Engineer: 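Sending over a structure as structure tokens; questions will come in a sec.
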Amino acid sequence: MSSLFSGLNPEQLEAVTLPHLSALVLAGAGSGKTRVLTTRIAHLIQSNFASPHEILAVTFTNKAAKEMLTRISTLLPINTQGMWVGTFHGLCNRMLRAHCQDAGLSRTFQILDSADQLSVVRRILKKLGVDDEKFPPRQVQWFINNAKEEGLRASKVDARDDFTRKLIELYVVYEQQCERESVVDFAELLLRSYELLINQEIIREHYRKRFSHVLVDEFQDTSRLQYKWLKLLTNEKSAVFVVGDDDQSIYAFRGANTGNMKDFERDFHVSKIIKLEQNYRSHGNILNAANTLICNNKSRIGKNLWTAEGDGEPLRVYSAQNDLDEATFICNEVRSLQTKGVMLSQMAVLYRSNAQSRVLEHAFFNASLAYRVYGGTRFFDRQEIKHALAYLRIIANPDDDNALLRIINFPVRGIGTRSLEQLQIEAASQGGSLWAAALSKFQSAMSSKLLSKNNESNRSKKGIEGFVTLIQTIRQSCAKLPLPEIIQLMLKDSGLVAYYHAEREGADRLENLYELINAANSFVYEIEDDSLTEFLAHASLEAGEHQTGIGSDALQLMTVHSAKGLEFHSVFLSGLEEGLFPHERSYNEIGGLEEERRLMYVALTRARQLLYLSFAQARMLHGQICRNSPSRFLQEIPDNVLKWLQPLQVQGAKQQVSKIKRAENEFENTISSTSIEELDLGTQTRVLSTKNQEIFQWYIGQNVVHVKFGIGIIINYEGSNADARVQVKFNRAGTKWLSLEYAKLLPI
DNA sequence: GGACTTGAACTTTTT
DNA sequence: GTTCAAGTCC
């Protein structure tokens, strides 16, 4: 028994062995959070406090869930197969499949990913003839998901204006459409499961009784609905053990609600918060930087990381001339670290947004430095895989219109826009799916063929009839086959293999298609289930898992978001410029800057030993050269842990930072104390613009007029001289960033 | 149906 | 500067 606990520090041990109570563990970066969670589960089982069957453990990513299962099985000789360990969506799926009838779902319901959902929305907009300028598909999608996230069905959404009324109408049609097709989107998985628990007392009580221990990882990332779901699954007898770090909450934009931590404390009567503050990852200087930076955030629970190790190296700061220079610098440093014995895979280059990877990749490619970019197209998102999955979906659930539309004419079989339109009209008039319409068309064609003795054999191989025959044939042949063989047969009979074989650059795609068979093989082996429906659910829920090209030693490139949870020997944090990091879009969002700062905190705490911070004085952005000042976050790091690699530029850079900071404070003060119209026009901050012979002086608060956008007021600026851009809040046209060189702004 | 042009937009991301 | 969708032409 004691071996389970060996090496745990007092706080970790306390968390692991907590009695049957609800508890909140505030686990800082690198404090052994996953270890605490898995050891606690092992401890509960080993000491007979709970059987594996009575434990529910929730994570956010499949990766984390898998990791948890692996660790549990190394700690205990038990079969983790049947345990309820998984993602919110995965567990909801599991619950809905088990109670599909009570949840009002078909046994073979399919899961829409975001892209599928978007195409359903597009289709509906088209069908209803809605102006997609006024109602952009993405916004409609966002509206629907948001409503579901609030737990609201269309009838419950507040119709406060005409615009919202229209959106609600679209929401209603969308729901009907999904119902008809037996498909559910990601948000629906959660909402349905939530409603199931609310409405079906017997089921709710069953799970409440069953799960005596509920454990939640990354609790700061839970959304409102997820929190409500957890509350439904538990009662005063359950022990809910949540682990999280409010300082690492970086997903507010997708519904994460840090407030859940405070609510949890209250709702679950948490008497004491356990803080894990000892960090086993980074050297002192790095932690010092991170701690000082995050103290600038006002809304936080508060904790301070410390290490038993020494200070280590100072953080290196590099001020690059431009983005290319920055990339070259990183390239050289990586090379030199490599000769000192650091593996490439132990070095990571982090950036705020994906677009920044291009320049870096270019430099690494030219230097023949092996690198790997995370966050590209994922396996199950590839075009050819989507096509193959669409065939499988139609086999499993023919009413899936999305899937049908994707493949009805792929590979080409002579079904053009006209026949499709006809089919859609027919389906609409019958109130059924496209497949149902195609089937009735097929049947009437068959009977008329018999009557007229018109037996041209070619006719049935083309067009809609051909498609129906094809699907029926495949479905029949598949009835008794195991999953991998179904896929193999489908790939061949559908014509996908022939198509990609003939395609000039189809070799990779062909390989991916065969890889799909492999994926099915390992699915059958691991999950011990070869039902097609389950495999399709797995494909939708684990779109990211199947990454290729892992294994070889390569430099790691990724956004700061995707670096969360990872650690490296050396980290290069690039693009530390105002507008980029913090991102300019965050300036106008409530709590935006604090979220950016947490993101910075996550970035800093990824490094074990070496941390490089770099910014470029000039950079190509949106096709324009931008001169942004160094990030304010750089100034929030204490000087004594920094080592500037170009001492000459220290002065200038630091001054620039303070200048921006002053301007912002001034701006914020003015904004908070006065309305925009009353801004003090005498504000001292100004940018000079030298445009031909005219020289204008621009300052924050200045009224301006634009040829197209009309009258507005300057609320922010960046850069200087010819490259300067100003942010203008127009009376009618909204807020825009404009280049002074091109925008033809006139002061009034 | 496929190749081409044009125009607008343009964080972060898992499920 | 690059992508992605919609429109245009053969």
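Residue numbers start from 1 in every chain, and the chains themselves are labelled A, B, ... in the order their sequence lines are given, proteins ahead of strands. This one's a predicted model, so the numbers in the text were calculated from it and none came from an experiment. All values below come from the heavy atoms of this structure, side chains included, with hydrogens, waters and symmetry mates left out.
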Engineer: Looking at B:dT11 and A:H583: do their rings stack (centroid distance under 5.5 Å, interplanar angle under 30°)?
Structural biologist: yes
Engineer: Donor-acceptor pair, A:S193 side chain versus A:L190 backbone, under 3.5 Å?
Structural biologist: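 No: the side chain of A:S193 does not pair with the backbone of A:L190.
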Engineer: Let's see if you can work this out: which of B:dT15, C:dA6, C:dG1 has an atom nearest to the side-chain heavy atoms of A:R122?
Structural biologist: C:dA6
Engineer: Do any side-chain nitrogens or oxygens of A:N354 fall under 4.0 Å of OP1 or OP2 in B:dC10?
Structural biologist: no
Engineer: So, is A:N62 close to the B:dT15 phosphate, meaning a side-chain N or O under 4.0 Å from OP1 or OP2?
Structural biologist: yes
Engineer: Taking atom P of B:dT13 as reference, at what distance in whole Å does atom CD of A:Q117 sit?
Structural biologist: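 Spelled out: CD on A:Q117 to P on B:dT13 is 19 Å.
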Engineer: Would you give the length of the straight line joining atom CD of A:E195 to atom CH2 of A:W229, rounded to the nearest 0.5 angstrom?
Structural biologist: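 With rounding to 0.5 Å, CD (A:E195) is 14.5 Å from CH2 (A:W229).
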Engineer: For nucleotides B:dT13 and C:dC4, find the distance between their P atoms and express it as a whole number of Å.
Structural biologist: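 Per the computed distance, 15 Å lies between those P atoms.
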Engineer: To the nearest Å, how far apart are A:Q356 CD and C:dT2 P?
Structural biologist: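 After rounding, the reported distance stands at 15 Å.
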Engineer: Which value, rounded to the nearest 0.5 Å, describes the distance between A:Y251 atom OH and A:K564 atom NZ?
Structural biologist: 6.0 Å
Engineer: Rounded to whole angstroms, how far apart are CD on A:Q141 and P on B:dT13?
Structural biologist: 16 Å
Engineer: Counting side-chain heavy atoms from C-beta on, which of B:dT14, B:dG2, B:dT11 comes nearest to A:R378?
Structural biologist: B:dT14
Engineer: A:R585 side chain: which of B:dT13, C:dA6, B:dT11 is closest?
Structural biologist: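 Selected nucleotide (nearest to the side chain): B:dT11.
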Engineer: Roughly, in whole Å, what's the span from NE2 in A:H622 to C1' in C:dT3?
Structural biologist: 13 Å
Engineer: Enumerate, in order of first residue number, the stems that involve DNA chain B, defined as 3 or more consecutive Watson-Crick or G-U wobble pairs with both distances under 3.5 Å.
Structural biologist: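 So far as stems of 3 or more pairs are concerned, DNA chain B shows B:1-10 with C:1-10.
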Engineer: If you compare all heavy atoms of A:S114 against all heavy atoms of A:F186, which two are closest, and at what distance to 0.1 Å?
Structural biologist: N-CE1, 4.0 Å
Engineer: Over how many whole Å does the gap from A:M558 atom CE to B:dT12 atom P extend?
Structural biologist: 15 Å
Engineer: Is the phosphate of B:dG1 approached by A:N409 (side-chain N or O, under 4.0 Å from OP1 or OP2)?
Structural biologist: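 Looking at the OP1 and OP2 atoms of B:dG1, one of them is under 4.0 Å from a side-chain N or O of A:N409.
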Engineer: Let me know the distance between NZ of A:K63 and P of B:dT14, rounded to the nearest Å.
Structural biologist: 10 Å
Engineer: When you match A:S586 and A:F186 each to their closest nucleotide on DNA chain B, which lands nearer the 5' end?
Structural biologist: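 Looking at the nearest nucleotide for each, A:S586 comes out on the 5' side.
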Engineer: Under 4.0 Å, heavy atoms only, any strand: does A:I415 hit a base, just the sugar-phosphate, or nothing?
Structural biologist: sugar-phosphate
Engineer: Under 4.0 Å between any heavy atoms, over every strand shown, what does A:Q226 touch: base, sugar-phosphate, or nothing? Just pick one.
Structural biologist: nothing
Engineer: The side chain of A:R358 lies closest to which of these nucleotides: B:dG1, B:dT15, C:dG1?
Structural biologist: C:dG1
Engineer: Taking the side chain from A:R122 and the backbone from A:R138, do they hold a donor-acceptor pair closer than 3.5 Å?
Structural biologist: no
Engineer: OP1 or OP2 of B:dT13 sitting under 4.0 Å from any side-chain N/O of A:S562?
Structural biologist: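 Answer is yes, contact under 4.0 Å.
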Engineer: Could you tell me how far apart A:Y351 (OH) and B:dT11 (C1') are, to the nearest whole angstrom?
Structural biologist: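 Computing the A:Y351:OH to B:dT11:C1' distance gives 13 Å.
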Engineer: What does A:F253 touch in the nucleic acid at a heavy-atom separation under 4.0 angstrom: a base, only the sugar-phosphate, or nothing?
Structural biologist: base
Engineer: Decide, for B:dT11, between syn and anti: a glycosidic angle within 90° of 0 counts as syn, anything else as anti.
Structural biologist: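 In terms of base orientation relative to the sugar, B:dT11 is syn.
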Engineer: Give one of base, sugar-phosphate or nothing for A:D185, where a contact means two heavy atoms less than 4.0 Å apart.
Structural biologist: nothing
Engineer: Using ring pair (Phe, Tyr, Trp, His ring centres under 6.0 Å) as the criterion, list what pairs up with A:Y601, not counting sequence neighbours.
Structural biologist: none
Engineer: Would A:F88 count as stacked on B:dT15 if the rule is ring centres under 5.5 Å and plane angle under 30°?
Structural biologist: no
Engineer: Give a yes or no on whether a salt bridge exists between A:R192 and A:E179, defined as a side-chain N under 4.0 angstrom from a carboxylate O.
Structural biologist: yes
Engineer: Would A:Y499 and A:E384 satisfy side chain to side chain donor-acceptor pair (under 3.5 Å), going step by step from the backbone distance to the final call?
Structural biologist: CA-CA 10 Å; A:Y499 177 88; A:E384 63 276 18; over 6 Å; no
Engineer: Using a cut-off of less than 4.0 Å, is there contact between a side-chain N or O of A:R254 and OP1 or OP2 of B:dT11?
Structural biologist: no
Engineer: Give one of base, sugar-phosphate or nothing for A:E188, where a contact means two heavy atoms less than 4.0 Å apart.
Structural biologist: nothing
Engineer: Ignoring hydrogens and angles, tell me if any N or O in the side chain of A:D325 forms a donor-acceptor pair with the backbone of A:A616 under 3.5 Å.
Structural biologist: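 Not at all, since once roles are kept as given, no pair shorter than 3.5 Å links the two residues.
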Engineer: Just to confirm, is there a sub-4.0 Å distance from OP1 or OP2 of B:dT13 to any side-chain nitrogen or oxygen of A:T559?
Structural biologist: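 It does, given that an N or O in the side chain of A:T559 lies less than 4.0 Å from OP1 or OP2 of B:dT13.
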Engineer: Starting from P on B:dC10, measure out to CD on A:E584 and report it in whole angstrom.
Structural biologist: 11 Å
